[in-house]
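First listed ligand is number 1; within each ligand, the first listed atom is number 1. All residue numbers in this chain count up from 1 along the given sequence.
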Amino acid sequence: MDIFDKCMNFTRAKEAMEQGIYPYFKPIRDNNGPRVVMDGREIIMVGSNNYLGLTKDPRVQEAAIKAIEKYGTSCSGSRFLNGTLELHEELEDRLAKFVRKEAALSFSTGYQSNLGAISTIVTKEDLILTDKTNHASIFDGIFLSAGIHMGANVKRYKHNDMDDLERILAKLDPEQSKMIITDGVFSMEGDLVNLPRLAELAKKYKARIYLDDAHGLGVEGKTGRGTQEHFNIWDQVDLVMCTFSKSFASLGGFIAGKSEVIHYIKHFSRPLIFSASIPPANIAAVLKSLEIIESEPHIVHRLQETGKKMIREFQSMGFNTGESETPIVPIIIGGDEKTFKFWLNLFQEGVYANPVISPAVPPDRALIRTSYMATHQDNDLDVVLDIFKRIGKKMDLI
Ligand SMILES: Cc1ncc(COP(=O)(O)O)c(C=O)c1O
């Protein structure tokens, strides 16, 4: 046996490539937001998380360029030592206010934010209750926690099923320290957590709430403050996490909550302490995006309206869009092969969306994940709808 045997024996992806149906790692040559160039052709992009379309906003680009001119291209170290700029602190103060928490702490990716916060807060003595379909970075945060603290107690409840969550909570020792972790907007199917009921249960059973709002901030709520704002539930959410790689047009992420909790994470989080901080251009891009979100809520409203329109139109054609109420609109197909075929047809017709199969979704729920930007033009959206309709009919899905 050789340690690389598994690599030599991995042929599935190569077979798909040979058949011309491999949909992953497709390089983009030009990127104008809603339209990109791939395989030498202009393609309508409905598979990006650039929800507000700010990655190509000249104000955001200029802020990033200015930050490079002032601070250079890297911070060359961890926040803990030489890698903290005044810009990081300014951003954290503003983000904390934006999500109405006492303090915030930034990490170099959204993934690391979950890894860093969860693995620091959750020890062997604590219990985590997690939605089964939460993002992989939440589960990896729990794994890291188990590694660091020599074990972690985890219970997974059925997706957004508050009765199942209560069934588990009711059996626990009332004195057990515990935290419920949930996505705000579920990343694959675009449905919203039942936060009102979850908050009731957390109160009844004395559990803390950790909300991953990667797809909520800039997207949900009247002013883009996310899932908390959508439901008008703020104080009961103890920790809010978000990434900068979606609405904030950058790279990085943060966790926000009570100042003592953030202070503790700052001093014990391995993914924070042992990794370099967010580069200046990326922080400046987030700061500018935040300013735009705060001063131009109509962009957020446009995104919300686009999401609603696409759900309405897909449903009226007969597609299954699950429980989505957001600009993430899944087209649930069922089997993997059919999903890949659908994806290939879409791509050949000039539309890029994401094919999603197990384990990212349950095995019988493979889907095409579409997601929209505030900057999509109506005529592009209509072209997308027409193409979906044609392919849906051809493949007997509608
Ligand atoms: C719900 C959720 N949490 C965390 C992350 C990780 O964020 P990032 O990709 O910015 O590291 C993602 C990204 O896909 C996500 O969807």
Side-chain angles (χ1 to χ4, degrees), residues 24-25 45 47-52 54-55 91 95 99 104-119 121 128 130-145 156 159-160 179-193 195 198 209-220 226-228 230 237 239-256 269 271-272 275-279 281-283 285-286 289-290 307 324-330 353-357 359-361 367 369-373:
Y24 302 119
F25 297 98
M45 169 58 77
S48 167
N49 301 306
N50 180 15
Y51 294 120
L52 299 174
L54 293 176
T55 62
L91 177 63
L95 286 168
V99 296
L105 178 65
S106 60
F107 288 79
S108 303
T109 63
Y111 181 85
Q112 267 173 274
S113 311
N114 274 333
L115 242 55
I118 295 170
S119 65
I121 289 300
I128 286 300
T130 170
D131 188 298
K132 275 188 173 166
T133 64
N134 275 342
H135 190 260
S137 54
I138 290 176
F139 287 97
D140 291 358
I142 299 169
F143 295 147
L144 183 60
S145 190
R156 302 180 334 151
H159 174 52
N160 218 2
M179 185 159 76
I180 305 166
I181 307 187
T182 182
D183 286 0
V185 174
F186 290 94
S187 54
M188 290 302 129
E189 297 209 19
D191 48 331
L192 277 158
V193 61
L195 191 57
L198 190 144
I209 299 178
Y210 182 114
L211 180 74
D212 175 336
D213 222 10
H215 299 271
L217 283 199
V219 176
E220 290 305 313
T227 305
Q228 296 184 101
H230 177 93
V237 176
L239 286 166
V240 184
M241 171 271 166
C242 188
T243 165
F244 300 146
S245 63
K246 307 189 192 302
S247 297
F248 293 104
S250 188
L251 184 72
F254 75 97
I255 182 89
S269 173
L272 180 88
S275 187
S277 61
I278 309 175
N282 293 84
I283 315 170
V286 182
S289 299
L290 185 58
S324 173
E325 321 174 36
T326 67
I328 300 172
V329 185
N354 292 296
V356 183
I357 60 166
V361 288
L367 55 89
R369 178 188 185 272
T370 69
S371 51
Y372 299 92
M373 303 177 211

Check: For the residue pair Ala353 and Arg369, what are the closest heavy atoms and their distance?
Finding: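 For Ala353 versus Arg369, the nearest heavy atoms are CB-O, 3.8 Å.
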
Next item on the list: Please name the pair of heavy atoms, one in Asp213 and one in Gly226, separated by the smallest distance, quoted to 0.1 Å.
Entry: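 Heavy-atom minimum between the residues: OD2-CA, 3.4 Å.
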
Note to self: With a cutoff of 4.0 Å, is Gly253 in contact with ligand 1, counting heavy atoms of the residue only?
What the structure shows: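 Judged by the 4.0 Å heavy-atom criterion, Gly253 does not count as contacting ligand 1.
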
Check: Among all protein non-hydrogen atoms, which one is nearest to atom 3 (N) of ligand 1, and what is the separation to 0.1 Å?
Finding: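 That would be Asp212 OD2, 2.7 Å.
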
Check: Which protein non-hydrogen atom lies closest to atom 5 (C) of ligand 1, naming both residue and atom, and how far is it?
Finding: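 Result: His135 CE1, 3.5 Å.
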
Could you tell me, atom by atom, which parts of ligand 1 come under 4.0 Å of a heavy atom of [X]?
| X | value |
| --- | --- |
| His215 | 1 (C), 15 (C), 16 (O) |
| Ser187 | 16 (O) |
| Tyr111 | 6 (C), 7 (O), 8 (P), 11 (O) |
| Ala214 | 1 (C), 2 (C), 3 (N), 15 (C) |
| Thr243 | 7 (O), 8 (P), 10 (O) |
| Ser137 | 3 (N), 4 (C) |

So does [Y] get a backbone contact from the side chain of [X], meaning a donor-acceptor N/O pair under 3.5 Å?
| X | Y | answer |
| --- | --- | --- |
| Ser371 | Asn49 | no |
| Ser250 | Asn282 | yes |
| Thr370 | Val329 | yes |
| Gln228 | Val99 | yes |

Check: Just checking, is any N or O donor in the side chain of Asn114 or Asp212 under 3.5 Å from an acceptor N or O on the other one?
Finding: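 Per modelled atom types, Asn114 and Asp212 side chains form a pair under 3.5 Å.
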
Notebook entry, point to check: Between Phe244 and Phe254, what is the ring plane arrangement, given parallel below 30°, perpendicular above 60°, and tilted in between?
Noted result: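 The arrangement is parallel - the two ring planes meet at less than 30°.
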
Note to self: Below the 3.5 angstrom mark, is there an N/O of Ser245, backbone or side chain, next to an N/O of ligand 1?
What the structure shows: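 Between Ser245 and ligand 1 (N or O atoms, distance only) the closest approach is under 3.5 Å.
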
Check: What do you reckon, does Gly252 have a nitrogen or oxygen under 3.5 Å from a nitrogen or oxygen of ligand 1?
Finding: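 Not met; the criterion fails.
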
Check: Is it the side chain, the backbone, both or neither of Lys246 that has a heavy atom closer than 4.0 Å to ligand 1?
Finding: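 Near ligand 1, Lys246 shows its side chain, while the N, CA, C and O stay back.
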
